[in-house]
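Side chains are part of it too, since the values below use all heavy atoms of this structure and drop only hydrogens, waters and symmetry mates. The model shown is predicted, which means the values in this text are computed figures rather than measured ones. Lettering of chains follows the sequences in order, A, B, ..., and the numbering in each one begins at 1.
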Number of protein chains: 2
Amino acid sequence: MFKIVPMTTAASPPEGRERADAARNRARVLAAAERLFSTADPRTITMDRIAKEAGVGRATLYRRYPDPASIAVALLDEHERLLQGQLLAGAPPLGPGAPPGERLAAFYEAMVELLDRHLPLALGAETGNARMKTGAYGFWRVHVRSLLVAAEVADPDALVDALLAPLAPEVFRYQREERGLSTVEIGAALSRLARRLLGG
Amino acid sequence: MFKIVPMTTAASPPEGRERADAARNRARVLAAAERLFSTADPRTITMDRIAKEAGVGRATLYRRYPDPASIAVALLDEHERLLQGQLLAGAPPLGPGAPPGERLAAFYEAMVELLDRHLPLALGAETGNARMKTGAYGFWRVHVRSLLVAAEVADPDALVDALLAPLAPEVFRYQREERGLSTVEIGAALSRLARRLLGG
DNA sequence: CGAGTAAGTGGACACTGTGTCCGCCTAGTA
DNA sequence: TACTAGGCGGACACAGTGTCCACTTACTCG
């Protein structure tokens, strides 16, 4: 089901054989990062803290990841891969088959649920606003753009980023925490938006 | 025309009389910041650099602004105030009188133009994703929400942040620089979105 | 007009996090 | 068991932060 997705993950060994101690440390680092990101404020998480938590030296971290954000991205990629598979080859309305408006609505709902489950990680991955540079963003972009094309919307290239913007982790956090909105309300509003735009 | 706007600005003296040297330094600081933000990468701008550029000590900066982002916010507020006045009491379609769809479209166009002119400042103000904490964001929010209410859209509270999300400086930057879109294209796409949603 | 004073100023300090370098160690191999 | 390539991590130099306090200066009042 997932072998369609060609994306490589930073959580996997870079090439060839990996020494046993390196593998052990990689696992330790990822586990430590996941733990930290889900408990502490993402902005306070430093390479130093992750290294301490993982029980490895700081240089060991730098060997693979340039900064905390890229570790969060690696972890997030794992979780996003499932949804990517469903979009490409899953059942409608998420997968192919349903009309574009329905598919976009389903995509919104799924993304909101994903954000809800991994918000701290998503916020951590956003440090320095690098969100749009990740492979995942490119994937969502291609997907939504194809829906716009299918719905024969004018100028899909200019619209696609506007439609993805509401899914920025910081926007979701704001709606949840500052505005007191529930996940369902946010998802429902985006669903309606999708259907209104592309036709239900 | 602007006295309707009740917002206070961080660029103005905090209370009562201000000493002449303090005023002089305030002006120097703001001028230096404007200069720096429009030339250098916003992320590299530190309190230290601004102080050096302004020719004042660092503690003088900290007296009024806690970080570079808040200086950018103060500067940006000045520019945004004009648009705020037009929304409240200007001529249609930006000001009152036009149907909601047209007003939202005009708002989008105006905001895109504003972003285009002050992008470096807007990016600088966004550091740490503090954009939504600014008074200006609250203003846009109230405005767009009132348009949604006027158009009798369901659940305006959940939709309003989604409609403001495409105006995030980082999104605009991405569309311009990474996607090669022009300001007109971005504005036009958002206009169409507005009319489709609220009815032209 | 000159002394008093409250506000403003900026150099210095201690601290935190970064990114890199290099000597040590250990897993895998012969 | 000894060799070696690669992994590891402590240490270092550096940059930026936020605060403190002694000095200076603009305004005020006798």
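Taking atom CZ of B:Arg43 as the reference point, atom C1' of D:dT17 lies 19 Å away to the nearest angstrom. The nearest whole Å value for the distance from the OH atom in B:Tyr65 to the P atom in D:dT17 is 16 Å. Spacing between atom CG of A:Leu61 and atom P of D:dG7 amounts to 15 Å, rounded to whole angstrom units. One can place CZ of B:Arg64 at 14 Å from P of C:dA7, the figure rounded to the nearest angstrom. For A:Lys52 and D:dG9, the NZ to P distance is 13 Å, given to the nearest whole Å. Note: CZ (B:Arg63) to C1' (D:dC21) measures 12 Å, nearest angstrom.
Near DNA chain C, meaning a heavy atom under 4.0 Å from it, residues 33-41 of chain B has no residue at all.
OP1 and OP2 of D:dG7 both lie 4.0 Å or more from every side-chain N or O belonging to A:Thr60. Phosphate contact (OP1/OP2 of D:dG7, side-chain N/O of A:Asn25, threshold under 4.0 Å): absent.
With sequence neighbours excluded, no residue forms a side chain to side chain donor-acceptor pair (under 3.5 Å) with A:Arg192. Remark: B:Phe107 pairs with B:Trp140, B:His143 by the ring-ring contact (aromatic ring centres under 6.0 Å, His included) rule, at least two apart or across chains. When the side-chain contact (heavy atoms from CB on, under 4.5 Å) test is applied to A:Ser182, the partners found at least two apart in sequence or on another chain are A:Val184, A:Glu185.
Within the structure, no pair that satisfies the ring-ring contact (aromatic ring centres under 6.0 Å, His included) test touches residues 22-60 of chain A, not counting sequence neighbours. Under the ring-ring contact (aromatic ring centres under 6.0 Å, His included) criterion, no residue pair touches residues 41-62 of chain A, with sequence neighbours excluded. Residue pairs meeting the ring-ring contact (aromatic ring centres under 6.0 Å, His included) criterion with at least one member in residues 68-94 of chain A, sequence neighbours excluded: A:His79-A:His118. Counting only residues at least two apart or in different chains, ring-ring contact (aromatic ring centres under 6.0 Å, His included) contacts with residues 172-199 of chain B comprise A:Tyr137-B:Tyr174.
Taking the charged nitrogens against the carboxylate oxygens, B:Asp161 and B:Arg141 do have a contact shorter than 4.0 Å, which makes a salt bridge.
Remark: the B:Thr60 side chain and the B:Asn25 side chain contain no N/O donor-acceptor pair separated by less than 3.5 Å.
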Nucleotides 15-22 of chain C: protein proximity per nucleotide (B base, S sugar-phosphate only, - neither; heavy atom, under 4.0 Å): --SBBBB-
